[in-house]
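Presented below is the structure to which this report refers.
From a predicted model like this one, the values you see are computed outputs, not experimental measurements.
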Amino acid sequence: MAVSDKKHSAALSPSAAPDVRKADDLCEHLKAVQQEISRIIFGQDQVVNQTLITILAGGHCLLVGAPGLGKTLLVTTLGTVLGLDTRRVQFTPDLMPSDITGSEILDEDNSGRRSFRFVPGPVFCQLLMADEINRASPRTQSALLQAMQEHQVSVAGTEHQLPAPFHVLATQNPMEQEGTYPLPEAQLDRFMLQIPLTFPDEAAERAMLLATTGTEKATPERIISTEILSEAQALVRTLPIGEKIVDAILKLTRAARPETTRDETLRRHIAWGPGPRAAQTLMLATRARALLDGRLSPCIDDVIALARPVMAHRMALTFAARADGVQIDSVMTQLLKILD
């Protein structure tokens with residue numbers, strides 16, 4: 001296992017130092033996980049890596065892409081390879097909150113005594129696929145907020161704990177917006193990363209055609225257990241992080257807010273920027289990326305690579321910026337120049 005460049009300064013000591021031997025073993029497991037997923041998913045290496053980073057950091061992610069790019073296949077493959085109990089909910093306009101969280105039913109025993117019994121919904125799993133999440137009403141979308149943030153749901157005044165680990169991988173089609181409900185900012189902020197899916201290159205698409213249209217169908221195999229995944233998630237939080245990396249994260253997030261930025265152009269273009277949760281997310285995600293890459297601490301390249309998926313969905317442009325044709329991506333490009 002490699003250690004990050006010393007030029008990134010002395011590392012801040014977390015509450016517990018990482019066990020190097022255990023870290024080496026976990027990195028080998030994670031490499032095997034990546035290899036197994038790449039056997040099923042073609043041409044989406046960056047998407048796979050960012051999704052794994054989200055899970056290693058203990059968060060949730062929003063997969064945004066056109067139909068047919070493998071979003072559903074990616075989630076089901078991840079569930080199998082990581083040994084997670086996976087459920088899928090197809091979001092529709094008539095979906096009710098109780099269809100996700102569960103509900104109480106009235107039971108009657110042999111003696112005629114009646115009592116309420118809670119029947120858990122599909123959210124009681126370790127990996128929940130929220131398919132086309134923006135097709136459900138805001139009332140139903142809000143049913144996931146408590147689950148995503150607190151890993152529990154409240155039904156009839158009683159709190160029910162969700163299994164651990166618990167992750168929501170939601171999908172969204174950016175092309176069909178008729179009859180959809182845009183996710184509120186509070187819910188978007190709960191997604192650690194928003195990951196865009198693009199079309200694969202020609203070589204990857206050729207390999208996909210040959211592998212998926214024959215008589216034999218490749219099926220993923222379980223590589224690690226839930227216990228190993230939990231160990232990796234715990235290790236992420238113990239990885240040391242350099243002062244310069246912390247400064248870069250703070251500099252980037254504060255520059256993305258109109259209230260604290262020193263760049264007049266950014267102040268004119270940004271209506272509201274990322275809150276402290278974005279900085280926390282970027283801190284954890286850079287550690288997870290380093291571990292996935294076989295390193296004991298993150299470097300500045302990790303911050304640059306993850307800035308867009310962490311911050312873009314936590315920002316909004318002003319009316320004047322939209323009228324001038326400014327895009328979030330160009331604003332992020334300008335923001336990243338701060339780290340040069």
Side-chain angles (χ1 to χ4, degrees), residues 43-54 57 59-71 74 133-134 169-177 180 182-185 187-201 204 248-275 277-283 285-286 288-289 298 300-340:
Q44 299 288 359
D45 292 343
Q46 181 173 315
V47 174
V48 170
N49 286 344
Q50 290 182 356
T51 308
L52 284 173
I53 287 168
T54 304
H60 318 285
C61 72
L62 181 62
L63 301 167
V64 180
L69 293 181
K71 299 186 293 295
L74 171 61
I133 189 172
N134 59 329
L169 302 187
T171 70
Q172 185 172 306
N173 178 2
M175 301 170 70
E176 297 179 13
Q177 295 301 317
T180 63
L183 299 183
E185 288 75 14
Q187 187 167 6
L188 281 173
D189 196 34
R190 262 66 176 187
F191 286 106
M192 184 170 273
L193 272 68
Q194 178 173 293
I195 305 172
L197 279 80
T198 57
F199 293 100
D201 58 33
I249 291 172
L250 285 172
K251 190 175 182 181
L252 198 61
T253 52
R254 293 183 67 81
R257 302 170 190 158
E259 299 86 356
T260 55
T261 186
R262 297 178 180 179
D263 190 308
E264 287 300 325
T265 302
L266 290 175
R267 185 177 286 112
R268 290 197 308 270
H269 288 167
I270 301 172
W272 49 264
R277 188 180 280 118
Q280 294 170 330
T281 293
L282 197 51
M283 189 93 136
T286 53
R289 188 175 189 266
I300 198 70
D301 290 339
D302 297 318
V303 179
I304 294 171
L306 292 169
R308 277 184 171 85
V310 167
M311 298 175 63
H313 63 291
R314 292 180 163 97
M315 300 167 61
L317 299 176
T318 61
F319 176 80
R322 296 197 304 271
D324 291 340
V326 177
Q327 302 290 329
I328 282 289
D329 194 61
S330 61
V331 171
M332 286 302 308
T333 300
Q334 186 174 350
L335 268 172
L336 289 173
K337 291 179 181 178
I338 296 172
L339 302 182
D340 292 341

Does E264 have any salt bridge (Lys or Arg N to Asp or Glu O under 4.0 Å) partners at least two apart in sequence or in another chain, and if so, which?
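Counting only residues at least two positions away or on another chain, E264 forms a salt bridge (Lys or Arg N to Asp or Glu O under 4.0 Å) with R267.
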Using a 3.5 Å distance criterion without hydrogens, assess whether the side chain of K71 forms a donor-acceptor pair with backbone atoms of A66.
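Pair found, side chain donor or acceptor close to backbone of A66.
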Identify the heavy atoms of [X] and [Y] that sit nearest to each other, and give their distance.
{"X": "N173", "Y": "P67", "value": "ND2-CG, 3.6 Å"}
{"X": "T51", "Y": "C61", "value": "CG2-SG, 4.1 Å"}
{"X": "M311", "Y": "P274", "value": "CE-CG, 3.8 Å"}
{"X": "A204", "Y": "G43", "value": "CB-CA, 3.5 Å"}
{"X": "A271", "Y": "P258", "value": "O-CG, 3.6 Å"}
{"X": "V310", "Y": "A278", "value": "CG1-O, 3.6 Å"}

Can you list the residues that meet the side-chain contact (heavy atoms from CB on, under 4.5 Å) rule with A321, with sequence neighbours excluded?
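Per chain and number, A321 pairs via side-chain contact (heavy atoms from CB on, under 4.5 Å) with H269, L317, T318, V326.
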Once side-chain contact (heavy atoms from CB on, under 4.5 Å) is applied, do any residues pair with Q334, and if so which ones, sequence neighbours excluded?
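So Q334 forms a side-chain contact (heavy atoms from CB on, under 4.5 Å) with D263, T265, L266.
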Test side chain to side chain contact (heavy atoms under 4.5 Å, CB included) applied to L335 and M332, step by step
CA-CA 5 Å; L335 268 172; M332 286 302 308; 3.9 Å; yes
Out of curiosity, [X] [atom1] to [Y] [atom2], how far, rounded to the nearest 0.5 Å?
{"X": "D301", "Y": "T286", "atom1": "CG", "atom2": "OG1", "answer": "11.5 Å"}
{"X": "N49", "Y": "Q44", "atom1": "CG", "atom2": "CD", "answer": "11.5 Å"}
{"X": "L169", "Y": "T54", "atom1": "CG", "atom2": "OG1", "answer": "7.5 Å"}

Mind jotting down which residue pairs meet the side chain to side chain donor-acceptor pair (under 3.5 Å) criterion with at least one end in residues 248-258? Sequence neighbours excluded, please.
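Passing the test, one end in residues 248-258: no pairs.
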Test L252 against L282 for side chain to side chain contact (heavy atoms under 4.5 Å, CB included), laying out the working first.
CA-CA 10 Å; L252 198 61; L282 197 51; 4.3 Å; yes
Listed pairs under 3.5 Å, donor-acceptor, residues 187-197 side chains, sequence neighbours left out:
from: Q187; atom 1: NE2; to: Q141; atom 2: O; distance (Å): 3.4
from: D189; atom 1: OD1; to: R314; atom 2: NE; distance (Å): 2.6
from: D189; atom 1: OD2; to: R277; atom 2: NH1; distance (Å): 2.4
from: R190; atom 1: NE; to: Q149; atom 2: OE1; distance (Å): 3.4
from: R190; atom 1: NH1; to: A186; atom 2: O; distance (Å): 3.1

The criterion is side chain to side chain donor-acceptor pair (under 3.5 Å); which residues satisfy it with D329, sequence neighbours excluded?
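For D329 the side chain to side chain donor-acceptor pair (under 3.5 Å) partners, ignoring immediate neighbours, are R308.
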Hey, mind stepping through L183 and L62 against side chain to side chain contact (heavy atoms under 4.5 Å, CB included) and telling me if it holds?
CA-CA 11 Å; L183 299 183; L62 181 62; 4.0 Å; yes
Run the numbers on I270 and T261 for side chain to side chain contact (heavy atoms under 4.5 Å, CB included), then give the verdict.
CA-CA 10 Å; I270 301 172; T261 186; over 6 Å; no
